[in-house]
Amino acid sequence: AQSVTQLGSHVSVSEGALVLLRCNYSSSVPPYLFWYVQYPNQGLQLLLKYTSAATLVKGINGFEAEFKKSETSFHLTKPSAHMSDAAEYFCAVSETGGGGNKLTFGTGTQLKVEL
Amino acid sequence: NAGVMQNPRHLVRRRGQEARLRCSPMKGHSHVYWYRQLPEEGLKFMVYLQKENIIDESGMPKERFSAEFPKEGPSILRIQQVVRGDSAAYFCASSPGRTSVSYEQYFGPGTRLTVT
């Protein structure tokens, strides 16, 4: 069974500071990994995905994530936070074989960006 | 190319009534997923459907919940005899299919169900 753990349900950073949102996963097969962002009262928007190609993945809005198999991690980073980055972020894992590719989500990290 | 459409966006039902949530996938997508987001929680998988077939319903509650994706028309998530615990945001996602190399899912804006 696959699972996702997001450490820190709330993260607060200053505008211009580094953003680091943590995600650890467990999966019995090589995983596909995703980061989604959710703004208030909206659906989820894909930020980036890892699909067994390059381990450093670049996404939209300046975000990137690095897949580290040895640490079973897929942390999300952005060098310089912007006020518009304030939102909830979800890490998700999908198994690559059988049973479709349903996503298993972490519980989310609410990012607050302060002046 | 329109995105995933869900309606209604907000739905209020009294306890014991039925709720019907609709999802139209992106054009060209034949796979639909439903997820539920309870307050202060992440999204939980409910059901995965292809046209006229339920592929995986391992996340569906055993009673009162059903889903369909007919040959024509939107996918429907149906909740009978709603209870207060059903209050949540219900999200639909679609994908081109399992042959898609990205396995990416595109999400709709959600239906927020409130049971009074």
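All of these numbers come straight from a predicted model, not from anything done at the bench. Naming convention: chains lettered A, B, ... in sequence-line order (proteins, then strands); numbering from 1 in each chain.
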key: Matching residue for B:S94 among B:Q105, B:H31, B:H29 - test: side-chain hydrogen bond (donor to acceptor under 3.5 Å, both in side chains)   = B:H29
message = With a 4.5 Å cut-off on side-chain heavy-atom distances among I, L, V, M, F, W and Y, is there a chain of contacts connecting B:V83 to B:L77?
response = no
query = Which of the residues A:L46, A:T104, A:N41 is involved in the greatest number of heavy-atom pairs with chain B at under 4.5 angstrom?
reply = A:N41
query = So if you build clusters from Ile, Leu, Val, Met, Phe, Trp, Tyr with side-chain heavy-atom gaps below 4.5 Å, do A:F90 and B:M46 land together?
reply = no
task = For A:K78 and A:N61, indicate whether the former's side chain and the latter's backbone hold a donor-acceptor pair under 3.5 Å.
result = yes
remark   = Under a 4.5 Å heavy-atom criterion, the part of residues 59-66 of chain B in contact with chain A comprises none
message = Please output the residues of residues 105-115 of chain A in contact with chain B, using a heavy-atom cutoff of under 4.5 Å, in numerical order.
response = A:F105, A:G106, A:T107
request  = Measure the shortest side-chain to side-chain distance between A:P79 and A:T77 over non-hydrogen atoms and say whether it is less than 4.5 angstrom.
outcome  = no
message = Looking at B:P96, is its backbone amide N or carbonyl O close enough to the side chain of B:S30 to form a donor-acceptor pair, meaning the two atoms are under 3.5 Å apart?
response = yes
request  = Sequence neighbours left out, what passes salt bridge (charged side-chain N to carboxylate O under 4.0 Å, His left out) with A:E15? Give chain and number order.
outcome  = none
task = Output the distance between atom CG (A:L76) and atom CG (A:L20), rounded to the nearest 0.5 Å.
result = 8.5 Å
Heavy-atom pair count under 4.5 Å with chain A, highest-scoring of B:V4, B:V47, B:L43 = B:L43
ask   = Within the distance-only criterion (no hydrogens, no angle test), does the side chain of A:Q45 pair as donor or acceptor with the backbone N or O of A:Y39 below 3.5 angstrom?
value = no
request  = Check whether any side-chain N or O of B:E68 sits under 3.5 Å from a backbone N or O of B:R78 as a donor-acceptor pair, and report yes or no.
outcome  = no
message = Need one label for A:Q38: side chain, backbone, both or neither, based on atoms under 4.5 Å from any heavy atom in chain B.
response = side chain
ask   = Is there a donor-acceptor contact under 3.5 Å from the side chain of B:Q37 to the main chain of B:F91?
value = no
key: A:N24 side-chain N/O to A:T72 backbone N/O, donor-acceptor pair under 3.5 Å   = yes
key: Under 3.5 Å: donor-acceptor pair, side chain of A:E64, backbone of A:L56   = no
task = Using non-hydrogen atoms and a 4.5 Å limit, figure out which bit of A:L44 sits close to chain B: side chain, backbone, both or neither.
result = both
ask   = Is there a donor-acceptor contact under 3.5 Å from the side chain of B:D56 to the main chain of B:S58?
value = yes
message = Over 60° means perpendicular and under 30° means parallel, so tell me whether A:Y32 and A:F34 are parallel, tilted or perpendicular.
response = perpendicular
inquiry  = Using a 4.5 Å heavy-atom cutoff, which residues in residues 107-116 of chain B come close to chain A?
reply    = B:F107, B:G108, B:P109, B:R112
